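Computed from a predicted model, the values in this text were never measured in an experiment.
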Amino acid sequence: MEDGTAELLALWGKGAVASSDLDFANHVKAIAHARFVLRKILRLLDEQAIAGGLQPLQHQALLQIFGAEGPLPVNKVAERLDIAPALASRLIRQLEEKGLVHRARIPDDRRVIAVHASEAGIEVLRTIDNAVHHHVNHFQRQLTDEGKFGALATFSFYLGLDSDPRLALLLTAAGHHSHHAHHH
């Protein structure tokens, strides 16, 4: 993993974005590693949600509702979770039954019902978040610097930031730094 990642980071800084510019095996190695990191963290999130008394999707909905600028219309909850509006509606009803969210009509448009988190809902999020931090920290300590930046490089590729010069600078600086760290 290590050498492949260093190579990937070096190419990244030169703006070599097409996978044909990269050694394909190293390219896939980096993607595989990033996917491993992502799956592991999403699993941790889901496990902590369940430990906190919520189904993973209920937790995600509550996060989106509390994390929004203001009360969130049901169709926006669906959009943020990338699920059907009917499922979003059902999740909101479940959260409402637990007393974690409230629905209210939007003053500007009486037809639209928006959802906001209750004090109890915010408390549940805080508890889950604390548990997540604890478990994620433990997982992070198992990753090398190079592994972390390799995953970051791959996520940036998915987000279309791979050709952003600021990110290239950050990644190559980190790549050089972690590469030297390994040799000394």
Stepwise side-chain contact (heavy atoms from CB on, under 4.5 Å) test for Leu54 and Lys98: CA-CA 10 Å; Leu54 291 179; Lys98 291 175 179 281; 3.8 Å; yes
Which is it for His116 and Val101 under the side-chain contact (heavy atoms from CB on, under 4.5 Å) test, yes or no, and what are the steps along the way? CA-CA 6 Å; His116 63 98; Val101 301; over 6 Å; no
Apply the test side-chain contact (heavy atoms from CB on, under 4.5 Å) to residues Leu143 and His33: give CA-CA distance (whole Å), side-chain angles for both, the deciding distance (0.1 Å), then the verdict. CA-CA 10 Å; Leu143 296 172; His33 176 67; 4.0 Å; yes
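The 12-atom threshold is not exceeded at NZ of Lys76, counting heavy atoms of other residues, nucleotides or ligands nearer than 6.0 Å. Applying the 6.0 Å contact sphere to CD of Gln142 captures more than 12 heavy atoms from other residues, nucleotides or ligands. Crowding of Arg103 atom CZ: a count of heavy atoms from other residues, nucleotides or ligands under 6.0 Å exceeding 12. The neighbour count for Asp82 CG, taken as heavy atoms of other residues, nucleotides or ligands under 6.0 Å away, does not exceed 12.
Checked for salt-bridge contact, Glu123 and Arg126 meet the test: a charged N lies under 4.0 Å from a carboxylate O.
Contact record, Gln60 with Asp46: NE2-OD1, 4.5 Å, taken as the closest heavy-atom pair. Counting all heavy atoms, side chain and backbone alike, Ala131 lies closest to Gln48 at CB-OE1, 3.4 Å. Here the closest non-hydrogen pair linking Val74 and Ala88 is O-CB, 4.1 Å. The shortest heavy-atom contact between Ile83 and Leu91 is CD1-CD1, 3.7 Å. Considering every non-hydrogen atom in both Leu100 and Leu62, the closest pair reads O-CD1, 3.9 Å. Minimum interatomic distance between Ile65 and Ala117 (heavy atoms only, all atoms of both residues): CG2-N, 3.6 Å.
For the pair Asp129 (side chain) and Leu125 (backbone), a donor-acceptor distance under 3.5 Å is absent. A donor-acceptor pair under 3.5 Å is formed between the side chain of Ser118 and the backbone N or O of Gly99.
Distance check, rounded to the nearest 0.5 Å: CG of Leu81 to CG of Leu63 gives 9.0 Å.
Side chains of Gln140 and Asn137 form a contact here, defined as non-hydrogen atoms less than 4.5 Å apart. Using a 4.5 Å cut-off on side-chain heavy atoms (C-beta onward), Leu87 and Leu57 make contact. Contact check for Ile50 versus Pro56: side-chain heavy atoms found under the 4.5 Å cut-off. Within the 4.5 Å cutoff, the side chain of His102 has no heavy atoms near those of the Val115 side chain.
Note: Phe36 and Phe139 have perpendicular aromatic rings, judged against thresholds of 30 and 60 degrees for the angle between ring planes.
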